[in-house]
Amino acid sequence: GIVEDVLLRAGVQDHPLVRHFNAFHPLARILWLKHNEPAVWEKTQWVVEPKDYLNFKLTGALASDPISQFWLLSAMEGGDKALGVLAGLDKSLLPELRRPHEGVGTVLRHMPGALGKIAGATVFCGCNDTWTAAAGLGALKHATAYCISGSSEVFGILSNTQAEVPGLITMPWADALWQLGGPGLNGANGLTWMVTSLMPDDRPFDERLAALLSQQTGLPLLFHPYLHGERTPLWDRDIRASFMGLMAAHKPGDLVRGAMEGVSFVNRMVLERAEAGAGQQVQEVRLGGGGARNADWNQIRANILKRPVIASDTEEVGLMGCLAVARFGLSLAPSVAQATDGIAVPWRRFEPQAAESRFYDDLYAIFLDTLEPVRTASHRLASCRLPER
């Protein structure tokens with residue numbers, strides 16, 4: 001409702017660029033601030049990312065990068081017809097833009113605590129969390145897919161072909177390298193919900209997950225994992241989760257496995273759309289985040305995606321991406337993609353298994369066939385209200 005309201009008040013609801021406009025767009029947030037907190041807005045000089053603000057506090061210099069600022073930058077382009085200009089904003093809101101591996105400045109002297117020990121060190125511009133995590137996975141190269149499996153997931157491919165694909169976000173992530181994909185709303189958060197609901201005790205999460213997975217029947221079960229609505233590739237806030245084929249014979253571990261499979265099917269939807277748009281197949285999927293720590297789930301992904309899954313054992317792949325940016329910025333590597341080659345971190349490789357992949361082909365076909373009925377029912381449910389008592 002907020003998005004529609006700010007668009008209406010800005011008089012730009014029919015602009016062609018509005019197709020990418022939603023509550024997550026920086027322009028929506030800026031317009032909300034402008035209309036609802038005018039006193040704060042009057043004091044606003046620049047719009048930057050959190051990492052840009054931290055860099056500013058470290059160096060006294062303000063800069064951002066064109067990848068993190070892509071949506072706001074796009075909204076400011078087009079002269080008098082630019083979406084941002086029509087909404088009453090000025091391009092001066094954007095600070096100077098630099099590439100992620102370019103320096104912003106050096107750490108100021110007399111900083112408190114441990115920061116005082118790195119006075120004079122170069123601070124690089126950096127980039128947003130998704131790009132940086134993909135960099136840490138060594139995924140910033142042509143014909144590679146990445147998956148950042150956190151509470152929610154971000155999935156996409158890197159291609160030297162620019163292609164607009166329905167439901168996906170296309171962004172330049174490097175010179176002649178495009179990202180096709182985007183963020184979802186469901187990932188390890190669904191797994192956490194499932195495990196906590198089925199086994200709500202105080203044991204460590206991994207212990208409970210293993211205990212549940214030991215209770216499986218092998219009977220097929222289909223799960224549409226939309227517990228929180230969905231962004232990529234559906235962009236539907238009202239779609240809901242659904243189990244199909246549930247029987248009394250199923251055991252708790254079947255439901256947990258179904259959650260893993262359902263999220264992986266969404267990965268495959270994005271992968272297939274992106275590959276079709278780019279006109280090429282990726283060679284491997286680089287996987288990181290908390291969801292990458294479970295070998296069962298990693299193997300399920302490999303079987304469903306029918307690609308090798310290279311999973312990082314490093315918990316914070318974003319930090320590895322920061323290190324890769326610094327190595328490239330210091331001329332210790334020829335590119336960010338190659339900068340991870342010199343970082344000694346453990347990896348686990350999961351190859352697709354032919355028989356399991358054939359089974360998942362059948363289950364995935366049912367997943368796709370039932371998606372629209374689930375969507376239709378979800379929208380009808382969203383309009384239902386219990387009578388007040």
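These values consider heavy atoms only, across backbone and side chains, with no hydrogens, waters or symmetry-generated copies.
To the nearest 0.5 Å, atom CG of residue L168 and atom CE of residue M269 are 9.5 Å apart. Here T376 contributes atom OG1 and L381 contributes atom CG; the two are 11.0 Å apart, rounded to the nearest 0.5 Å. Atom CD of Q162 is separated from atom CD of Q179 by 12.5 Å, given to the nearest 0.5 angstrom.
Annotation for D175: atom CG does not count as buried by contact number, only 12 or fewer foreign heavy atoms lying within 6.0 Å. Taking a 6.0 Å sphere around OH of Y53, one finds it holds 12 or fewer heavy atoms contributed by other residues, nucleotides or ligands.
With 3.5 Å as the limit, one finds a donor-acceptor pair spanning the side chains of T370 and H224. Side-chain contact check for Q299 and N303: at least one donor-acceptor pair (N or O, by modelled atom type) lies under 3.5 Å. A donor-acceptor pair shorter than 3.5 Å can be found between the side chains of D254 and T217. Looking at R98 and S64, their side chains never bring a donor and an acceptor atom within 3.5 Å of each other. For the residue pair Q283 and T144, no side-chain donor N or O sits within less than 3.5 Å of a side-chain acceptor on the partner. Remark: the E261 side chain and the S264 side chain contain no N/O donor-acceptor pair separated by less than 3.5 Å.
Between F155 and Y146, the ring planes lie parallel to each other; the angle is under 30°, not in the 30° to 60° tilted range. Y364 and F367 have parallel rings, their planes meeting at less than 30° on a 0 to 90° scale where 60° marks the start of perpendicular.
With sequence neighbours left out, R268 forms a salt bridge (Lys or Arg N to Asp or Glu O under 4.0 Å) with E272, D361. Partners of E207 by side chain to side chain donor-acceptor pair (under 3.5 Å), not counting sequence neighbours: none found.
Under a 3.5 Å cut-off, the side chain of T232 and the backbone N or O of P183 do form a donor-acceptor pair. Without hydrogens or angle criteria, E77 side chain to S74 main chain gives no donor-acceptor distance under 3.5 Å.
Using a 4.0 Å cut-off between a side-chain N of Lys or Arg and a carboxylate O of Asp or Glu, K306 and E351 do not qualify as a salt bridge. Classification of E284 and R286 as a salt-bridged pair holds, one side-chain N sitting under 4.0 Å from a carboxylate O. R99 has no carboxylate O lying under 4.0 Å from a charged side-chain N of D65, or vice versa, which leaves the two without a salt bridge.
Taking 4.5 Å as the limit, some side-chain heavy atom of L213 sits within range of a side-chain heavy atom of Q216. Side chains of F265 and F223 form no contact here, defined as non-hydrogen atoms less than 4.5 Å apart. Looking at I310 and V285, their side chains never come closer than 4.5 Å, going by heavy atoms from C-beta outward.
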Notebook entry, point to check: Between S149 and L287, is a side chain to side chain contact (heavy atoms under 4.5 Å, CB included) present by the stated rule, with each step listed?
Noted result: CA-CA 7 Å; S149 181; L287 174 66; 4.0 Å; yes
Item checked: Test side-chain hydrogen bond (donor to acceptor under 3.5 Å, both in side chains) applied to E153 and N186, step by step -> CA-CA 6 Å; E153 297 208 339; N186 301 279; over 6 Å; no
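With hydrophobic clusters built from ILVMFWY side chains whose heavy atoms lie under 4.5 angstrom apart, L27 shares a cluster with L97.
Exactly one of L62, L93, D52 qualifies for a side chain to side chain contact (heavy atoms under 4.5 Å, CB included) with W46. That residue is L62.
Remark: R349 fails to qualify as a cation-pi partner of W347 under the 6.0 Å distance and 45° angle criteria applied to the six-membered ring.
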Identify all side-chain donor-acceptor contacts of residues 117-129 below 3.5 Å with residues at least two apart in sequence or on another chain.
{"unit_1": "N128", "atom_1": "OD1", "unit_2": "T130", "atom_2": "N", "d": "3.3"}
{"unit_1": "N128", "atom_1": "OD1", "unit_2": "W131", "atom_2": "N", "d": "2.9"}

